[in-house]
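Remember, predicted model here, so these are calculated numbers, not experimental data. Note on naming: letters A, B, ... go to the chains in the order of the sequence lines (proteins, then strands), and numbering restarts at 1 for each one.
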There are 2 protein chains.
Amino acid sequence: MDEIDRNITVALQLDGSAGLAELAKVAGLSVSATAERVKRLEERGVIRAWRADLDPVAAGCPLLVHILVTVAPGKDEAAFRKAMRRQAAVLECHAITGDWTYLLKVRLADLPALDAFLNDELRAQSGVQRVGTLLAIATVKETSILPVAPADPEE
Amino acid sequence: MDEIDRNITVALQLDGSAGLAELAKVAGLSVSATAERVKRLEERGVIRAWRADLDPVAAGCPLLVHILVTVAPGKDEAAFRKAMRRQAAVLECHAITGDWTYLLKVRLADLPALDAFLNDELRAQSGVQRVGTLLAIATVKETSILPVAPADPEE
DNA sequence: GATGTTCCGGTCAATTTCATCCATCGGGCG
DNA sequence: CGCCCGATGGATGAAATTGACCGGAACATC
């Protein structure tokens, strides 16, 4: 994971369809050497997948909501996590520090869908004690480009 | 944006490197017809880009923090937004309803980096009145796969 | 301390696969 | 009956994959 690998990963996050020729230029290597690097990044699990990046609005999910949840400790929690994983609308679910237990990122089509989600999916879960809803009014920035760290010299 | 387009977009979000042949099978169309669909999805802006999906830990950003920020109303706000857009560590920045003004999603290498971010980048911004930090202890789910809505018949 | 060997990584060339383009055909609608 | 949209098939072209060769570094040997 040297400087070259970092340049490659950044470039591939920005545009994975550019092709090896152009990637080789930013990497400063030959085409096949660049292909070797990319292959190794995949094998090492740094690159998990190649994905199409969709426009949420065009895809029919204009509503973005972050939901804070307090779940009572106990074995209900496993069921809660499983339910969150099953829900396609739940893009993220993190256990967090502070007054709340979980933070969800949810994308929905409209407010009725939000109402249905809160009542039927979330509050219906046993153990859920408190729900806080943070509706996104405007999205200033939303990217999946990871700031690839300068990384430790080893490895 | 019919049923076929929805199947295609879902499949391409899951794996964009499969190739047209396999995609055509899940779409139930010929290869060239499928290619035509994908091309139109790109032209219409539904598909914004093709990206490599990285493992955050392997990429050197194991720390995930959501930060709630209260910003004083005024023209400082434009500067704040611009600063957030500039910061590579800030993956998302949403203006939200409720007691807080903004919700950030930030990825960092370690706690010192978080400390530096909070002090040097966030609290240094004029207008920032209150900062709440939600550190992710565990990530139950984190995906970028949009739940492509059944969509309105028109368009 | 110098030399030879082995391994890792990069370059170059050849093969093969894949996507794109173009012409044709069938179905639906005016 | 004619027009238009969408699907099929084949040909062209560019891309990725594979293999063999070359150079440098690390280690062991002399």
Side-chain angles (χ1 to χ4, degrees), chain A residues 1-55 57-60 144-146 148-155, chain B residues 1-55 57-60 144-146 148-155:
Chain A
M1 203 64 185
D2 57 356
E3 179 72 23
I4 298 175
D5 279 331
R6 256 173 284 134
N7 290 338
I8 289 176
T9 49
V10 170
L12 289 180
Q13 284 186 99
L14 291 169
D15 183 8
S17 68
L20 286 173
E22 192 166 339
L23 186 62
K25 285 193 288 187
V26 312
L29 298 177
S30 72
V31 173
S32 57
T34 307
E36 193 70 23
R37 292 263 189 170
V38 174
K39 187 180 175 184
R40 287 184 57 187
L41 286 168
E42 292 180 2
E43 289 171 350
R44 280 163 50 194
V46 178
I47 297 176
R48 286 190 295 199
W50 299 94
R51 302 215 147 99
D53 179 40
L54 301 194
D55 178 7
V57 177
S144 59
I145 316 286
L146 295 178
V148 187
D152 315 87
E154 79 268 8
E155 189 174 355
Chain B
M1 203 61 184
D2 56 359
E3 178 71 23
I4 296 176
D5 279 332
R6 258 174 283 133
N7 290 337
I8 288 176
T9 49
V10 169
L12 289 180
Q13 284 185 99
L14 291 169
D15 183 9
S17 67
L20 286 175
E22 193 165 339
L23 187 63
K25 285 193 288 186
V26 312
L29 299 176
S30 71
V31 173
S32 59
T34 307
E36 197 68 25
R37 293 264 188 166
V38 174
K39 187 179 177 184
R40 286 185 57 186
L41 285 168
E42 292 181 3
E43 289 170 351
R44 280 163 49 194
V46 179
I47 296 177
R48 286 190 296 200
W50 300 93
R51 303 216 145 99
D53 177 41
L54 302 193
D55 177 7
V57 176
S144 59
I145 317 284
L146 296 179
V148 187
D152 315 87
E154 80 268 8
E155 186 176 353

Exercise. Mark yes when over 12 heavy atoms from residues, nucleotides or ligands other than A:R40 sit less than 6.0 Å from its CZ; otherwise mark no.
Key: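 12 or below, so no.
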Calculate the interatomic distance between [X] atom [atom1] and [N] atom [atom2]; express it in whole Å.
{"X": "A:D2", "N": "C:dG9", "atom1": "CG", "atom2": "P", "value": "10 Å"}
{"X": "B:L41", "N": "D:dG6", "atom1": "CG", "atom2": "P", "value": "13 Å"}
{"X": "B:I8", "N": "D:dG6", "atom1": "CD1", "atom2": "P", "value": "13 Å"}
{"X": "B:L20", "N": "C:dT17", "atom1": "CG", "atom2": "P", "value": "17 Å"}
{"X": "B:E36", "N": "D:dG9", "atom1": "CD", "atom2": "P", "value": "16 Å"}
{"X": "A:L23", "N": "D:dA15", "atom1": "CG", "atom2": "C1'", "value": "14 Å"}
{"X": "A:E22", "N": "D:dA14", "atom1": "CD", "atom2": "C1'", "value": "15 Å"}
{"X": "A:E43", "N": "C:dG9", "atom1": "CD", "atom2": "P", "value": "12 Å"}

Quiz item: Does any N or O in the side chain of B:R51 come within less than 3.5 Å of the main-chain N or O of A:R51, such that one atom is a donor and the other an acceptor?
Solution: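 Side chain of B:R51 to backbone of A:R51: no pair is present.
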Quiz item: So B:D55 and A:R44, side chain to side chain contact (heavy atoms under 4.5 Å, CB included) or not? Walk me through it.
Solution: CA-CA 10 Å; B:D55 177 7; A:R44 280 163 50 194; over 6 Å; no
Quiz item: B:L29 side chain: which of C:dC21, D:dT18, D:dA7 is closest?
Solution: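 Among the listed nucleotides, the one closest to the side chain of B:L29 is D:dA7.
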Quiz item: Where the side chain of A:S32 is defined as all heavy atoms beyond and including C-beta, which of D:dA7, C:dG10, C:dC12 is the nearest nucleotide?
Solution: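 Nearest listed nucleotide: C:dC12.
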Quiz prompt | Verdict with supporting geometry, A:L23 and A:R37, side chain to side chain contact (heavy atoms under 4.5 Å, CB included) | solution = CA-CA 11 Å; A:L23 186 62; A:R37 292 263 189 170; over 6 Å; no
Exercise. Could you tell me whether the phosphate oxygens of D:dA7, OP1 or OP2, come under 4.0 Å of any side-chain nitrogen or oxygen in B:S30?
Key: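 Negative; the distance criterion is not met.
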Quiz item: At under 4.0 Å, does any side-chain N or O of A:R40 touch on OP1 or OP2 of C:dG9?
Solution: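 Yes, within the criterion.
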